[in-house]
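A short write-up of the structure that comes next.
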2 protein chains.
Amino acid sequence: MSSPRHKTTPTRAPRGTLSPEAIVHAAIELIDRDGLDAVTIRRLADQLGVRPMSLYTHFRDKDAILLAVTAELLSRFQWPDPDLDDIAWLRQVMHAYFELFITHPAILQINTPSDGVGEVEARMSEQIYARLARLRVDHRTAIGLLATLIRFVLGCATLYPVRRAWDEDPQHWERVRQQWARLPAEVYPAMHATTVDFPTFTQRDVFEFGLDAILASLPRSP
Amino acid sequence: MSSPRHKTTPTRAPRGTLSPEAIVHAAIELIDRDGLDAVTIRRLADQLGVRPMSLYTHFRDKDAILLAVTAELLSRFQWPDPDLDDIAWLRQVMHAYFELFITHPAILQINTPSDGVGEVEARMSEQIYARLARLRVDHRTAIGLLATLIRFVLGCATLYPVRRAWDEDPQHWERVRQQWARLPAEVYPAMHATTVDFPTFTQRDVFEFGLDAILASLPRSP
DNA sequence: ACCTGAACACCGTTCAAGT
DNA sequence: ACCTGAACACCGTTCAAGT
């Protein structure tokens, strides 16, 4: 009578339920399903079967969680086959970098302090500079080229989520062509002219085109 | 006795105090001073000497305000002198685009639905395609080139706020050089090698380098 | 038409407690 | 050491009211 055992006890979670890894894992799941804004201390706790405050035993604050998330995602970077010839290997690195960003667009939205993206960059540097040196590229060009490539990939990744719908709609470019063709040729001569043999680009096509353009200065591999 | 006139009346704001323009203006001020996160309906209202709910008379919700902010900022895009030769003009457009983004980095964080950045792109297109046509660039190359340039500029702008501190610290690159030089030459031969004539890049130098690289395929202007 | 108070359903986080 | 309840200072926004 004094202690009604079979209350609707909200069952305290057992001691081992939580860990930094489990939290990061749950956060990534939430991000990939519903986007970065869906990551909330309270919703994270729900997903883990725990009360909100429990998370603070494992991370100082929410920022620390998101930082661990980016670290985990960046660690999934896929190094290409080292046997590829130098230019193919270089392109492959950029491809892997691009793929990483478009499968987890949230990385771009998480504010990493001071160097952030630089993590992957740093690990890339040695190998990339070695390849470029082998291609007889001078130091200044090597550094400039890598910086340019990184920025291009970053831009592609930033635009990808917005442009993605265009790739998936087979009629998109035909509609654009018709729209441009309807423009008065006197005012928009250049755009009008392109509609005769209208070229279409997927996001990946653009990526390929840009890579070609930036790497064009390099000596062709045999 | 019945109506104590001189209460500490919280003085209702007069009817003309608010307007979409005033709200957008105040929001931009807040953004430029304290960043995008500082933009809050309540703080915006404070800044305008008005109560929070008043803003909803002029905008449907907060997103609508931020959309108006990006529209306003993008409208400040500075078209370069049309008398410049084609390649110089093209570079100048990209410079203006870059400057716009680095003076108001918040534009990059505001989620513009579907086309967003495309606003400026669209207005650029006709003029840029006209110039490229005059340079005898085929349609496909023109579209690919513009897409590449935009992504590169976007990447530069994204990285700029993070890398800005490097530009402003005169000792930064010397410290990096020493750090690289201290690496064991057997494990990091390439990075070690660069330290003998260590090249330094400001963010603007990188921008210039990348522009050169991407536009290298174009025929040199006379 | 424009400005507003009260209230609601959310946040991240502090602090003091439980086990 | 780890999990938690209550509470605080914030959010955006709805709804019904004032002028």
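Every chain is numbered from 1, with letters handed out A, B, ... down the list of sequences. Please read these numbers as outputs of a predicted model, since none were measured by experiment.
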> Does D/dA9 pair with anything, Watson-Crick or G-U wobble, both distances under 3.5 Å, and if so, with which nucleotide?
Replying inline: none

> Considering only D/dC3, C/dT13, D/dC15, which nucleotide approaches the side chain of A/Ala13 most closely?
Replying inline: D/dC3

>> Here's a test of your reading of the structure: between B/Pro14 and A/Val39, which maps to the more 5' nucleotide of DNA chain C?
In response: B/Pro14

>> Does D/dT13 have its OP1 or OP2 closer than 4.0 Å to a side-chain nitrogen or oxygen of B/Tyr56?
In response: yes

>> Distance alone, cut at 3.5 Å: any donor-acceptor contact between the side chains of B/Gln47 and B/Arg42?
In response: no

> Hey, do the aromatic rings of A/Tyr160 and A/Phe101 have their centres closer than 6.0 Å?
Replying inline: no

> Are the side chain of B/Gln92 and the backbone of B/Asp81 linked by a donor-acceptor contact shorter than 3.5 Å?
Replying inline: no

>> Need to verify one output field. Residue with the more 5' nearest nucleotide on DNA chain D, A/Arg42 or A/Val50?
In response: A/Val50

> Is the distance from OP1 or OP2 of C/dC10 to the nearest side-chain N or O of A/Thr40 less than 4.0 Å?
Replying inline: no

> The side chain of A/Arg12 lies closest to which of these nucleotides: D/dC2, D/dG12, C/dT4?
Replying inline: D/dC2

> If you check the B/Ile41 side chain, which of C/dG5, D/dG12, C/dT13 turns out closest?
Replying inline: D/dG12

> Does any donor-acceptor pair link the side chain of B/Arg15 with the base of C/dC3 at a separation under 3.5 Å?
Replying inline: no

> Any N or O donor-acceptor pair linking the side chain of A/Arg51 to the base of D/dC3 at under 3.5 Å?
Replying inline: no

> Would one find a side-chain N or O of B/Thr17 under 4.0 angstrom from OP1 or OP2 of C/dC3?
Replying inline: yes

> Is there a side-chain polar atom (N or O) of A/Ser54 under 4.0 Å from OP1 or OP2 of D/dT4?
Replying inline: yes

>> Hydrogens and angles aside, do A/His95 and A/Glu208 bring a side-chain donor and acceptor to less than 3.5 Å of each other?
In response: yes

> Is B/Arg43 touching bases, backbone alone, or none of the nucleic acid, heavy atoms closer than 4.0 Å?
Replying inline: sugar-phosphate

>> With a 4.0 Å limit, can you tell me whether A/His58 has a side-chain N or O closer than that to the phosphate oxygens OP1/OP2 of D/dC3?
In response: yes

> Between B/Glu99 and B/Arg76, is there a side-chain N and carboxylate O pair less than 4.0 Å apart?
Replying inline: no

